[in-house]
Amino acid sequence: MLSLVFLSGCSSLPSNLSPVSVEKVADAQAWEMTGKIAITLPNDKLSSNLYWLHTSNSDELTLTTMLGIQVLSLTQKEGKARLVVNGETYDDNNAQDLLFRVTGWTLPIDALPLWITGQLSPTDVVKAKDNQNRPVHVITQTNPSWHIHYLRWQQQQGTELPRLLALNSTDIKIKIQINQWQALAASTNSNRLARTNQATSTPSI
């Protein structure tokens, strides 16, 4: 099982992206978010800050300590994936397969950008909704299957998206808390969402 060694370093927002306002999360060309993630397996668990930069053709996921020290970095773009952890760099053609091979974590990397913004794939099945017609319990038609529970919602930048969600599969439980979310679009202005991983004092999940 993975033993995490803290690394220093940070990721940077591409200079061609800048913050924009959108009415719905689905309207965002790209986005970045900060929050927290807790991962529980039968013989291991991890709780850390989470930073995610998502575009139409790339993802950059970074886990850090409360002090902002990088624990893990996973990037994927145009069919290439790279994982940096324990002072080692690993490459593969698939980010989800790479993460499982190195850490043993079965994280649905390709689907998570939809789920953490309250969106679903065409094959996801909504089992329950709240009184505002938002999904409460969703089951995926994948192997392995995932149960997604939307526990709390919020307004960010005038847009509604989840605040807290829990994901359960065969041998893994994941809880994600979104503290800040910002839509991005192509621009020459490189103003970015401030990194607050090390400064945020929100309750742990």
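Keep in mind the model is a prediction, meaning the values are calculated, not measured. Index from 1, following the sequence.
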**Student:** Side-chain contact, heavy-atom cut-off 4.5 Å: Gln182 with Met33?
**Tutor:**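 Answer no - side chains too far apart.
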**Student:** Quick one about Asp59 and His54 (side-chain donor to acceptor, distance below 3.5 Å, no hydrogens or angles considered), yes or no?
**Tutor:**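 Per modelled atom types, His54 and Asp59 side chains form a pair under 3.5 Å.
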**Student:** Going through the checks in order, is the side-chain contact (heavy atoms from CB on, under 4.5 Å) test met by Leu63 and Leu46?
**Tutor:** CA-CA 10 Å; Leu63 305 184; Leu46 168 74; 3.8 Å; yes
**Student:** Is there a side-chain contact between Leu72 and Thr103, using heavy atoms and a 4.5 Å cut-off?
**Tutor:** yes
**Student:** Measuring only between side-chain heavy atoms, which start at C-beta, is Leu61 closer than 4.5 Å to Tyr51?
**Tutor:**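 Contact flag for Leu61/Tyr51 side chains = no.
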**Student:** Relative to each other, are the rings of Trp115 and Trp146 parallel, tilted or perpendicular (30° and 60° limits)?
**Tutor:** tilted
**Student:** Looking at OG of Ser121 and CG of Asp124, how far apart are the two atoms once the value is rounded to the nearest 0.5 Å?
**Tutor:**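 Rounded to the nearest 0.5 Å, the OG-CG separation comes to 3.0 Å.
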**Student:** Could you state the interatomic distance from CG (Leu112) to CD1 (Ile174), rounded to the nearest 0.5 Å?
**Tutor:** 6.0 Å
**Student:** Answer with yes or no whether the side chains of Gln157 and Thr159 bring together a donor and an acceptor at under 3.5 Å.
**Tutor:** no
**Student:** Judged by atom type as modelled, is there a donor-acceptor pair below 3.5 Å linking the side chain of Ser169 to the main-chain atoms of Ile172?
**Tutor:**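 Looks like no, no N/O pair under 3.5 Å.
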**Student:** Assign the ring pair Trp31 / Trp52 to parallel, tilted or perpendicular, where the plane angle (0 to 90°) is split at 30° and 60°.
**Tutor:**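 Tilted, since the angle between the ring planes falls between 30° and 60°.
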**Student:** Rounded at 0.5 Å granularity, tell me how far OG1 in Thr40 sits from NZ in Lys45.
**Tutor:** 5.5 Å
**Student:** What pair of heavy atoms forms the shortest contact from Ala183 to Val22, and how long is it?
**Tutor:**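 Closest pair (atom of Ala183, atom of Val22, distance): CB-CG2, 3.8 Å.
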**Student:** Cut-off 3.5 Å, side chains only: do Asn168 and Lys173 have a donor facing an acceptor?
**Tutor:**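 No, because no side-chain N or O of Asn168 sits under 3.5 Å from a partner of the opposite role on Lys173.
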**Student:** Does Tyr90 have more than 12 heavy atoms from other residues, nucleotides or ligands lying within 6.0 Å of its OH?
**Tutor:**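 Correct, the count exceeds 12.
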**Student:** Could you tell me whether the side chain of Val85 reaches within less than 4.5 Å of the side chain of Val71, counting heavy atoms only?
**Tutor:** no
**Student:** Counting C-beta onward and ignoring hydrogens, is there a side-chain heavy-atom pair between Leu167 and Leu165 closer than 4.5 Å?
**Tutor:** yes
**Student:** Go through Lys77 and Asn57 one step at a time and tell me if the side-chain contact (heavy atoms from CB on, under 4.5 Å) criterion holds.
**Tutor:** CA-CA 6 Å; Lys77 184 175 183 179; Asn57 64 353; 4.2 Å; yes
**Student:** Shared ILVMFWY cluster between Val136 and Ile176, side chains joined below 4.5 angstrom?
**Tutor:**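 No, Val136 does not connect to Ile176 through the hydrophobic network.
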**Student:** Report yes or no: do Phe100 and Ile109 belong to one cluster of Ile/Leu/Val/Met/Phe/Trp/Tyr joined by side chain heavy-atom distances under 4.5 Å?
**Tutor:** no
**Student:** Going from CZ on Arg82 to CD on Gln76, what distance comes out if it is rounded to the nearest 0.5 angstrom?
**Tutor:**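 These two atoms lie 13.5 Å from each other.
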**Student:** Start with the C-alpha distance between Arg163 and Asn179, add both sets of side-chain angles, then the distance that settles side-chain contact (heavy atoms from CB on, under 4.5 Å), and finish with yes or no.
**Tutor:** CA-CA 7 Å; Arg163 166 69 173 174; Asn179 295 337; 3.2 Å; yes
**Student:** State plainly whether one hydrophobic cluster holds both Ile116 and Leu114, where clusters connect Ile, Leu, Val, Met, Phe, Trp and Tyr through side-chain heavy atoms under 4.5 angstrom apart.
**Tutor:** yes
**Student:** Taking all non-hydrogen atoms of both residues into account, name the closest pair between Pro135 and Trp153 and its distance.
**Tutor:** O-CZ2, 3.7 Å
**Student:** Check for a donor-acceptor pair, side chain of Asn94 on one end and backbone N or O of Gln96 on the other, with a separation under 3.5 Å.
**Tutor:**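 Confirmed, Asn94 side chain pairs with Gln96 backbone.
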**Student:** How about Gln154 and Gln156: does a side-chain donor come under 3.5 Å of a side-chain acceptor?
**Tutor:** yes
**Student:** If you measure from CD1 on Ile39 to CG on Leu50, what distance do you get to the nearest 0.5 Å?
**Tutor:** 9.0 Å
**Student:** On a heavy-atom basis, which atom in Leu17 and which in Ala186 lie closest, and how many Å separate them?
**Tutor:**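 Looks like CD2-N, 4.0 Å.
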**Student:** Taking atom types as modelled, find out whether Ser145 and Thr142 have a side-chain donor-acceptor pair closer than 3.5 angstrom.
**Tutor:** no
**Student:** Might you point out which heavy atoms bring Gly104 and Leu41 nearest each other, and give the distance in Å?
**Tutor:**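 Shortest heavy-atom separation between Gly104 and Leu41 comes out as O-CD2, 3.8 Å.
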**Student:** Using 0.5 Å steps for rounding, measure from the OH atom of Tyr150 to the CG atom of Leu164.
**Tutor:** 11.5 Å
**Student:** If you define the side chain from C-beta out and look only at heavy atoms, does anything of Val125 sit under 4.5 Å from Gln141?
**Tutor:**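 Yes; the side chains approach each other to less than 4.5 Å.
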**Student:** Keeping the roles fixed (side chain from Asn49, backbone from Thr65), state whether a donor-acceptor pair exists under 3.5 Å.
**Tutor:**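 Side chain of Asn49 to backbone of Thr65, a donor-acceptor pair under 3.5 Å: yes, one is there.
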**Student:** State whether the number of non-hydrogen atoms from other residues, nucleotides or ligands found under 6.0 Å of Glu23 atom CD is greater than 12.
**Tutor:** no
**Student:** Can you confirm whether Ile37 sits close enough to Lys175 that some side-chain heavy atom of one is under 4.5 Å from a side-chain heavy atom of the other?
**Tutor:** no
**Student:** What I want to find out is whether Lys80 reaches Asp91 closely enough, with some N-O distance under 4.0 Å, to be called a salt bridge.
**Tutor:** no
**Student:** Decide yes or no for Gln119 and Val25: does some side-chain heavy atom of the first lie under 4.5 Å from some side-chain heavy atom of the second?
**Tutor:** yes
**Student:** Check the pair Glu160, Lys24 against salt bridge (charged side-chain N to carboxylate O under 4.0 Å, His left out), reporting the backbone distance first and the verdict last.
**Tutor:** CA-CA 7 Å; Glu160 187 176 54; Lys24 300 181 297 183; over 6 Å; no
**Student:** What are the two closest non-hydrogen atoms of Thr55 and Ser58, and how far apart are they?
**Tutor:**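 That closest heavy-atom pairing would be OG1-OG, 2.6 Å.
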**Student:** Examine distances only and state if a side-chain atom of Gln177 and a backbone atom of Gly35 form a donor-acceptor pair shorter than 3.5 Å.
**Tutor:**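 It does not hold such a pair.
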**Student:** Set out, in order, the CA-CA distance, both residues' side-chain angles and the distance that settles side-chain contact (heavy atoms from CB on, under 4.5 Å) for Leu184 and Leu53, then state yes or no.
**Tutor:** CA-CA 10 Å; Leu184 304 169; Leu53 171 62; 3.6 Å; yes
